[in-house]
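Since the structure comes first, as structure tokens, the remarks are kept for the end.
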Amino acid sequence: MSRILVPGSARILTRSAAPVQTRGLTLNSTTAFNREFSLAESIGIINREAPAPSELGARLPWSERGVTQRTVSFQDYGHKLEVVEPKTWNGAEPQVKGKPKRSLMPLEIYHHPLQSTLQASEIQGKLKIGQTEITPETVENAVADVAGAHRRDHEATWEKNRGLTMRGLIQNPHGGYDNVYEMLKSKQSSMAMAPNSAGFKLRKSLTAAKRTIEKTLASQYRIRGYAFIAGSDLFDALTNCADFDSIVDRQAEGAARRDDIRGGYTLAGVNLSSYDHAEYIAANKGYICPIVDDFYLSLFAPMDHFETNNRQGLPFYANAWTSPNGKVLTIDSESNAIHIAVVPEAIIEVTLS
């Protein structure tokens, strides 16, 4: 017999290490497959590793933190969005900065659930060479494999929604998108670039965009740099125009001609990179974004469960349980996330013309 302490619980589970003899027939112990995963243990498995940075997660400094509600309110504070946190978890009057008259913008956080099942035969197929008995570790490793696949699916959804954030769109739980600019009664800053036209100056265009962003942010934030995330067609047009060639010849001795610079090339203080997911950012579009701390927010709401309600949200949640007949192990997971830029007007949309 072995004793296993369940994390986050005072329970100690007893495991039988030997097969069960039943009227001369040897059976596998069902103790391992009927593994009693606590909710805390399942959540710990799916959050075991830090989220892998996605493309947009690596190019922009996303600030990630949990909130306690599935609906989060933002205060429109001079077109700067501030999260309004409740004083308590029981619906008391929220804490709000500024004057009593303010504009509150409630947004429901997108709920992304996934579910997978494992048959007993599938777990049996995961036994190591020479192993004849399903152990609790075998079951836990099987659950971890499924949870890892779920995580990758959730992180792909983050990438999509972070791309849509560049356009001011936020996915809602009802199958649609909320437009931040419409809610703020404003519009996105935009500019056109014509790299193939005579007299086009890339440095001049980038400097003009930086000045627009600086004017929008005023002294609210310290700008550490700029990222120009360009769709593939826009990126190719910019990096193959005559003005780009003349600039890189002077500043890098032609290295940009020899190297693959799609991952990023700094020009006039702006890191220009190619983004090839046209379903998130159109091939003829691009976005010039300030690199600022606490500017890009990823907020995570708690799982809809008695043990997690009104607690600070985590990036991922999971729950695993065995069917009463001992044939199926079910793994649920979810990620409840909203991604938003707190000063949307400071992101400039560029169109290839």
Side-chain angles (χ1 to χ4, degrees), residues 52-64 158-159 162-168 188-195 200-217 220-278 280-298 339-352:
S54 61
E55 288 191 55
L56 292 176
R59 300 185 201 187
L60 298 173
W62 293 88
S63 178
E64 301 175 353
W158 291 9
E159 178 73 6
R162 284 173 171 173
L164 295 175
T165 298
M166 303 296 100
R167 295 156 51 189
Q188 183 163 30
S189 301
S190 61
M191 64 186 301
M193 288 189 179
F200 173 73
K201 297 297 182 183
L202 180 55
R203 186 187 297 273
K204 181 179 179 181
S205 296
L206 294 176
T207 301
K210 288 165 61 177
R211 285 176 173 151
T212 298
I213 293 172
E214 290 162 2
K215 182 179 179 180
T216 301
L217 293 180
Q220 297 180 77
Y221 294 95
R222 186 176 74 86
I223 302 174
R224 296 191 286 110
Y226 299 86
F228 187 174
I229 302 169
S232 55
D233 290 352
L234 176 59
F235 179 85
D236 290 347
L238 291 172
T239 55
N240 286 288
C241 72
D243 188 52
F244 182 83
D245 285 342
S246 65
I247 293 173
V248 299
D249 281 347
R250 293 194 302 269
Q251 74 175 22
E253 298 179 353
R257 291 184 175 183
R258 300 188 300 269
D259 301 335
D260 186 346
I261 62 171
R262 289 176 297 172
Y265 185 83
T266 301
L267 181 70
V270 179
N271 185 265
L272 171 64
S273 62
S274 177
Y275 190 79
D276 298 330
H277 301 289
Y280 309 153
I281 295 178
N284 69 330
K285 298 282 187 179
Y287 297 89
I288 301 178
C289 313
I291 303 300
V292 177
D293 295 330
D294 299 322
F295 185 91
Y296 307 94
L297 300 183
S298 291
H339 310 278
I340 193 168
V342 296
V343 187
E345 291 94 336
I347 296 176
I348 299 179
E349 182 179 70
V350 179
T351 303
L352 175 64

>> Do Pro344 and Thr165 have side chains that approach each other closer than 4.5 Å (heavy atoms only, starting at C-beta)?
In response: no
> Under 3.5 Å, is there a donor-acceptor pair between the side chain of Glu159 and the main chain of Leu56?
Replying inline: yes
> If you round to the nearest 0.5 Å, how far is CZ of Arg59 from CD1 of Ile229?
Replying inline: 6.0 Å
>> Quick check for you: to the nearest 0.5 Å, what is the distance between Phe235 atom CZ and Asp276 atom CG?
In response: 9.0 Å
> Distance from Leu217 atom CG to Ile223 atom CD1, nearest 0.5 Å?
Replying inline: 5.0 Å
> Would Arg162 and Glu64 satisfy salt bridge (charged side-chain N to carboxylate O under 4.0 Å, His left out), going step by step from the backbone distance to the final call?
Replying inline: CA-CA 12 Å; Arg162 284 173 171 173; Glu64 301 175 353; 2.9 Å; yes
Distance-only check: which donor-acceptor pairs under 3.5 Å involve side-chain atoms of residues 282-291, not counting sequence neighbours?
residue	atom	partner	partner atom	Å
Lys285	NZ	Thr351	OG1	2.9
Tyr287	OH	Glu349	OE2	2.8

>> I need the minimum non-hydrogen distance between Met166 and Ile281, along with the two atoms involved.
In response: CG-CD1, 4.2 Å
> Is the closest side-chain heavy-atom distance between Ser232 and Leu234 below 4.5 Å?
Replying inline: no
> Side chains of Tyr221 and Asp293: does their closest heavy-atom pair fall under 4.5 Å?
Replying inline: no
> Checking Glu55 side chain against His277 main chain: does a donor-acceptor pair fall under 3.5 Å?
Replying inline: no
> Under 4.0 Å between a Lys/Arg side-chain N and an Asp/Glu carboxylate O for Glu214 and Lys210?
Replying inline: no
>> Ignoring hydrogens, what is the shortest heavy-atom contact between Phe244 and Thr239? Give both atom names and the distance.
In response: CD2-O, 3.2 Å
>> Side chains of Phe295 and Ser63, heavy atoms from C-beta outward: is any pair under 4.5 Å?
In response: no
> Once the angle between the rings of Tyr275 and Tyr280 is folded into 0 to 90°, is it parallel (under 30°), tilted (30 to 60°) or perpendicular (over 60°)?
Replying inline: tilted
> Should the pair Trp62 and His339 be assigned to parallel (<30°), tilted (30 to 60°) or perpendicular (>60°) ring geometry?
Replying inline: perpendicular
> How about Ile213 and Tyr226: do any of their side-chain heavy atoms sit closer than 4.5 Å?
Replying inline: yes
> Do Tyr296 and Pro61 have side-chain heavy atoms sitting under 4.5 Å apart?
Replying inline: yes
>> Is there a side-chain contact between Val292 and Arg224 in this structure, where contact means two heavy atoms from C-beta onward sitting under 4.5 Å apart?
In response: no
> If you look at every heavy atom in Cys241 and Pro195, which pair is closest and at what distance?
Replying inline: CB-O, 3.4 Å
>> Testing the basics here: between Leu206 and Ala268, what is the closest heavy-atom pair and its distance to 0.1 Å?
In response: CD1-CB, 4.3 Å
> Do side-chain atoms of Asp243 reach the backbone of Lys201 as a donor and acceptor pair under 3.5 angstrom?
Replying inline: no
